[in-house]
Amino acid sequence: MVKAFPRHRYTPAPMPYEPKLIEEKWQRAWSDAKVAEVDVAAPGDKFYMLNMFPYPSGDLHVGHGRNYILGDALYRYFRMQGRAALNPMGWDAFGLPAENAAIKRGIHPRQWTLSNIEREKKQFLRWGILYDWSKELASCEPEYYRWNQWLFLQLYRRGLAYRAKAPVNWCPSDQTVLANEQVIDGRCERCSTIVVQRDLEQWFLKITDYADRLDEGLDTLEHWPEKVKLMQRNWIGRSVGADVEFAVPSLSKSIRIFTTRPDTIYGATFMVLAPEHPDVAALIADNADRDEIETWIAGVRNQSNLERQEAGKEGRFTGATATNPFTNEQIPIWLGNFVLMQYGTGAIMAVPGHDQRDFEFAQQYGLPVRVVVKPANGEVPSAEESYSVKDDSAVAVDSGVISGMLIPKAIERIIEEIERLGIGRKMVRYRLRDWLISRQRYWGTPIPMIYCERDGIVPVPEEELPVELPLDVPFTGREGNPLAKDERFVNTKCPVCGGAAKRETDTMDTFVDSSWYYARFISANDSTKIFDPSLVNRWLPVDQYIGGIEHAILHLLYARFICRTLHDMGLTNYEEPFTRLFNQGMITKEGFRTASGNWVSPSEVENGVHKPTGTPVVSEIGKMSKSRYNVVPPDELIDRYGADTERVYTLFIAPPEKEAAWSDEGVVGASRFLNRVWHMGEQILALPAGGGSESAALIRKTHQTIDAVTRRFDRFEFNTAISGLMELSNAIGDALSAGADARESYAALLKLLHPFAPHITEELWTMFGNEGFILTSSWPQADTALMIEDVVTIVVQVNGKLRGQVEVPNPPEKDVVLAAIRANQKVQQWISGKEVVKEVYVPGKLVNIVVKG
RNA sequence: GCGAAAGUGGCGGAAUUGGUAGACGCGCAGGUCUCAGAAGCCUGUGGUCAUUAGACCAUGGGGGUUCGAUUCCCCCCUUUCGCACCA
């Protein structure tokens, strides 16, 4: 169909397209008209869309822009579709970088944060992004964080917030503890420092109470990426098994273990406890090597998790034994560095025959291996490794009542037996741990708790909220939280007895702030309550949530948890906060580094050589960062080409969920496209009034484009939506060159282009004498009748190879098609003299003639 | 090690349910305009062979199903990401 149009030959009109002039004008116009402000109480077909609110670091580059630009394009599309679309924005404004800036440069965290917010807000405006700023919030303001504190008190009241001493992750560089989710490969998520274990008393939120609901809820999230759901599922780590008590004669008590393979209990030849297990002291009390064992335990406990793993498997024999409840044998109780106190019961029954870890440990210490599972087909498993198959292809052997049973059946049966004997029960356990929310840092929400010598831990009464963060504290950078040194903050009165008491000086993990902010937007200015449940129930859950994959577990898991607690408090009527989730891919850019690994500025590189030093460099595509000298700042780009060009290029570059490499040359294509659209507008304005009529071909192309672009919007296929608009604009250009009219098609083009290039389309729309904003006009409707081609091309294949094409009137009739093929010389050459075995006719598409000989 | 996703021109990428592989754009080449350049415009642009007509090859590699495979199935290779002693 494209072939019908020769390339555009129109002459550009003289008036230049100057984005600078029109972009500021329309940004002001939208803002003055408050076009994006939504009255949440007003009726309408609601659509709540949300970009994850950013941490205001101050510098946004074109990579960040992708997230917001695609959100804005969607927002404008839904507006034009007539939806009551809400698109709010706020700031995840607490956090370490602000505090570090204070230490390094003497700027107060609040001032640093607020000035960054100002800069980023300007950047959003310059990108032409529309947010409902009347609902803006910043988590560092008391108006926001008081509700964090309120929420914490509700959780405390319900037993979901508790203080406990536990081995926790400590980042020596950031001088604070971290949640499990913030430790990546044994290192701090923020600064990559190796995390060490410390025993500290800390505040936890009981997310594990919700493990099953968080796991099951994933099944209801049809519009979430499978990848994210899988990551959450793995993180929650549900496993089904059994708890079993093993009697320890020397202690006259029993030790409980957890296993997912109770069917292998006849093969349990020893037991292993975590070095931290509470019964260890009693078990080794009479051991002659007690001192050595204790030294070893202390050593293991001092290791980071990373070091522990790198050390390989190590253990010590306690000297005590336990009774295997099924074989009644005495089996040795060992300590092992590979058994984790935080999972299960901190104790395992070791079945070296059928668990690789137990096998390795047994080999190392010469412990017996017993085979109790065999392949159902009778082959003897290798002695080199454990045989851990647990499906119907394996069978239990030498295992009392379950001998001969297929494994899934054997597991079921042995659990019945365990329960009948009263030594244990079926058990579901999770890898997920409780959420550690204490942080020994200043720039966060103070935890609203008071310690009284007489009354113990006392919550701050709700009417005394917020517990405000004092602003005039010294930032020295030395160990310890500045809050803890502020006497005026720390010293307070006990709400119960009125006596002297001390405040909690830890602040909350900033992921608490972001776990419910999406609901606060609905009541952002309500100073009397966390939010208005009736309004929140109308607007939530968020219909479309957009953000980076880096939050697949952290933020999204915490938000799903807190969402359920709000539900259970009776405040809301939904369990999942985000109906649809979209993760945009990262924008990358080429950078250059020398053989020694130093990054150099691209401006100093020529033909693969770093000019100042003469060193050869290699190109590497990666994340934009200052240290790689590959950051593209939007301001220069906008000054040169305009925000509309950046927007079009950003969405055209690749499918939005994929990683994409930014190309400075590629931007030019988007700029040319908008220039052509601009000049076409001028040409159409110069057409005589009344004018001619548009060709059927152009009308067809227009309606086909409306249809395609609409479908592509619904599927987030922005790159092909834009290429479709380029095709339409090419067709319009050709029509104009041929002296034909194209007014109607052009008007449709402007509307379809608006979500991508909002400024230029508003300007042209006005130039054509339209009143109001193109944004508030309606999305064009495709007329399917006008989309139908009057001639269709039928592809002719011979033995599956393309040998010709015939054109027939639409709709095509089989007889007509076959007649056309018989009249086609080229095709006939390929079949003449051969026997036609078969003719495959795909209506309206192709004919494949199968010949022989 | 386990799990997931992906692999198409020089580059980014396109291809409803299996039905013309390479849309759209970048880059490149030639042309036009210009004193010259930039910008714009026009034409061409997967590879090999051929003067042309055209033929053959080609969607990471190998097999299979099918009239027909980028698309479905099996094996292998590569890359990226997630998890990693969770009993």
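Atoms considered below: every heavy atom in the structure, side chains included; atoms not considered: hydrogens, waters and symmetry mates. This structure is a prediction, so every number in the text was calculated from the model and none was measured. Chain identifiers are assigned alphabetically (A, B, ...) following the order of the sequence lines, protein sequences preceding nucleic acid strands; residue numbering begins at 1 within each chain.
As judged by a 4.0 angstrom heavy-atom cut-off over every strand, A/L230 is placed among residues touching the sugar-phosphate backbone only. When heavy atoms are screened at a 4.0 angstrom cut-off, A/K801 is found touching the sugar-phosphate backbone but no base atom. At the heavy-atom level, A/R433 lies under 4.0 Å from base atoms of the strands shown. Within 4.0 Å (heavy atoms only), A/G312 reaches at least one base atom of the nucleic acid. Residue A/E665 is in sugar-phosphate contact alone, with no base atom involved, counting any heavy-atom pair closer than 4.0 Å across all strands shown. Within 4.0 Å of A/V796, counting heavy atoms only, lies no atom of the nucleic acid at all. Heavy atoms of A/W830 sit under 4.0 angstrom from primed sugar atoms or phosphate atoms, though from no base atom. Using a 4.0 Å heavy-atom criterion, one finds that A/L846 contacts the bases of the nucleic acid, with or without backbone contacts as well. Using a 4.0 Å heavy-atom distance criterion, A/T260 is classed as a sugar-phosphate-only contact. Backbone-only engagement by A/N719 is indicated by non-hydrogen atom pairs under 4.0 Å involving sugar-phosphate atoms exclusively. Within the nucleic acid shown, A/K227 comes within 4.0 Å of sugar-phosphate atoms alone, with no base atom in reach, counting heavy atoms only.
Contact check, A/T720 against B/rA23: no side-chain N or O comes under 4.0 Å of OP1 or OP2. For A/R803, a side-chain nitrogen or oxygen approaches OP1 or OP2 of B/rA55 to under 4.0 Å. A close approach under 4.0 Å does occur between a side-chain nitrogen or oxygen of A/R672 and OP1 or OP2 of B/rC26.
Nearest to the side chain of A/L802, among B/rC85, B/rU20, B/rG13, sits B/rU20. Side-chain proximity of A/N337 to the nucleotides B/rC85, B/rA87, B/rC24 is greatest for B/rC85.
Rounded to the nearest Å, the gap between the C1' atom of B/rA58 and that of B/rG47 is 7 Å. Comparing the same atom, C1', in B/rA69 and in B/rG19 gives a spacing of 10 Å after rounding to whole Å. Remark: the separation of the C1' atoms in B/rG68 and B/rU52 is 31 Å, to the nearest Å.
The shortest side-chain heavy-atom distance between A/V808 and A/I794 falls under the 4.5 Å cut-off.
At a non-hydrogen distance threshold of 4.0 Å, A/Y343, A/I348 from residues 341-352 of chain A come into contact with RNA chain B.
RNA chain B is contacted by both A/V668 and A/V850; A/V668 maps to the nucleotide lying nearer its 5′ end (nearest heavy atom per residue). Take the nearest nucleotide of RNA chain B for A/M231 and for A/V339: the residue whose nucleotide is more 5' is A/M231.
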Its dot-bracket string being built from Watson-Crick and G-U pairs below 3.5 Å, with | for another strand and [ ] for crossing, RNA chain B has the pattern (((((((..(((......[....)))((((((.......))))))((((....))))..(((((..]....))))))))))))....
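The residues A/D243 and A/K426 are annotated as not salt-bridged, no charged nitrogen and carboxylate oxygen being separated by less than 4.0 angstrom.
Within the structure, every pair that satisfies the side-chain hydrogen bond (donor to acceptor under 3.5 Å, both in side chains) test and touches residues 645-655 of chain A, not counting sequence neighbours, is listed here: A/D72-A/R647, A/W127-A/E646.
A cation-pi arrangement, defined by a distance under 6.0 Å to the six-membered ring centre and an angle within 45 degrees of its axis, is present between A/R431 and A/W235.
A/Q805 contributes no side-chain N or O that, together with a main-chain N or O of A/T793, makes up a donor-acceptor pair within less than 3.5 Å.
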